[in-house]
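All remarks here apply to the structure that follows.
In the text below, chain A, chain B and the rest are named by the order of the sequence lines, each starting its count at 1.
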2 protein chains.
Amino acid sequence: MQPSAQLEQVLKQHGQSVTAARQAVLAALQGQEPLTMGELVIRCNDIDRATVYRSVALFERLSIVQRLQAGWKYKLELSDAFHEHHHHATCLHCGQVVPLSEDPKLEAYLHDLAVAYNFTLRKHQIELSGLCATCQPTVGSL
Amino acid sequence: MQPSAQLEQVLKQHGQSVTAARQAVLAALQGQEPLTMGELVIRCNDIDRATVYRSVALFERLSIVQRLQAGWKYKLELSDAFHEHHHHATCLHCGQVVPLSEDPKLEAYLHDLAVAYNFTLRKHQIELSGLCATCQPTVGSL
DNA sequence: CATAAATTGCGACAAAGTTGCAAAAATAAT
DNA sequence: ATTATTTTTGCAACTTTGTCGCAATTTATG
């Protein structure tokens with residue numbers, strides 16, 4: 001299904017209106033790289049900042065979008081129902097975020113971990129950080 | 001070793017001064033729960049906000065402190081050299097952060113993953129989120 | 001204890017995020 | 001379709017969070 005059609009479906013399911021602003025915010029998030037809030041606001045440049053914030057808040061409540069810690073700043077990306085589920089490796093030097101492909105063994109493991117702690121798991125994130133192949137020669141010590 | 005003595009050691013190793021402000025920031029972070037920046041500033045109430053920020057920035061550079069995504073906000077806690085290494089489960093309802101005990105198998109797995117992606121791994125985080133045992137009965141759907 | 005170097009607090013500022021409310025757009029009803 | 005109702009948007013004001021330069025203070029050096 002097209003992401004835009006899927007958005008429409010999710011919004012209607014929850015009694016929320018399908019609006020141009022929300023479609024634009026989704027479209028801006030469809031690129032490969034996760035975005036900071038600031039970057040997202042810039043890419044939605046016809047839409048008021050407050051509206052972008054409200055859309056993101058709604059999208060988070062509806063699990064359309066997730067927030068991840070990339071180095072110092074947090075970034076936003078479409079969540080598992082819209083993208084393939086995956087994790088991230090962030091380069092501490094250049095800030096690039098590399099998506100890691102999913103591994104069922106790891107997923108199963110985390111599931112069991114949650115059970116052991118009596119937690120109803122809704123979502124999870126793994127964030128690796130270090131130096132990417134490109135930056136390794138450049139940086140002596142961080 | 002006492003955390004305060006360890007702080008002194010790390011600071012001197014990197015040619016940084018040992019100051020009252022930095023000791024106070026460390027002390028405030030020594031509780032069990034990770035803190036938001038705002039909470040930390042409040043607990044260091046004799047110390048100027050700017051100084052708290054500068055101390056945290058320094059502590060992050062020296063890997064004394066790490067930042068984790070807990071629900072919507074980020075929180076700060078002492079990093080592995082000061083606490084036992086561990087991961088977190090955050091309750092989406094009450095916001096409580098439960099520390100998860102370390103598992104060598106998981107750690108080894110993540111290490112291999114980084115190698116596969118040609119990444120020099122400096123640190124990593126696993127964040128589970130869901131409902132804690134206490135909140136599960138309270139909340140129908142989130 | 002004196003000197004040099006680094007850190008702190010202050011105030012002013014920039015950036016990020018929130019809120020109330022009237023206008024506009026989306027949904028529901030006729 | 002057109003109108004009525006509900007929701008969302010943009011705007012502007014505002015709060016919170018985070019940053020920066022600089023003089024005063026504290027820390028380290030000899």
With a 4.0 Å cutoff (strictly under), does any side-chain N or O of Tyr53(A) reach OP1 or OP2 of dT18(C)? no
Do Gln125(B) and His88(B) have side-chain N/O donor and acceptor atoms under 3.5 Å apart? no
When clusters are formed from ILVMFWY side-chain contacts under 4.5 Å, directly or step by step, what else is grouped with Phe82(A)? Leu7(A), Val10(A), Leu11(A), Val18(A), Val25(A), Leu26(A), Leu29(A), Leu35(A), Met37(A), Leu40(A), Val41(A), Ile47(A), Val52(A), Tyr53(A), Val56(A), Leu58(A), Phe59(A), Leu62(A), Ile64(A), Val65(A), Tyr74(A), Leu76(A), Leu78(A)
To the nearest Å, how far apart are Arg67(A) CZ and dG17(C) C1'? 10 Å
OP1, OP2 of dT17(D) versus side-chain N and O of Arg49(B): anything below 4.0 Å? no
Chi angles and distances behind the ring pair (Phe, Tyr, Trp, His ring centres under 6.0 Å) call for His124(B), His87(B): CA-CA 9 Å; His124(B) 67 270; His87(B) 298 291; 5.1 Å; yes
I'd like to know if Glu8(A) and Lys12(A) make a salt bridge, using a cut-off of under 4.0 Å between side-chain N and carboxylate O. yes
Quick one: do the Gln32(A) and His83(A) side chains pair a donor with an acceptor below 3.5 Å? no
note: Leu40(A), atom CG; dA15(C), atom P; distance rounded to Å ~ 18 Å
Look at the side-chain N and O atoms of Tyr74(B) and state whether any lies under 4.0 Å from the OP1 or OP2 oxygen of dA16(C). no
With the sugar-phosphate defined as primed atoms, P, OP1 and OP2, and the base as all remaining atoms, what B/S/- string results for nucleotides 19-30 of chain C, 5' to 3', for protein heavy atoms under 4.0 Å? BB-----SS---
NE2 (His85(B)) with more than 12 external heavy atoms under 6.0 Å: yes
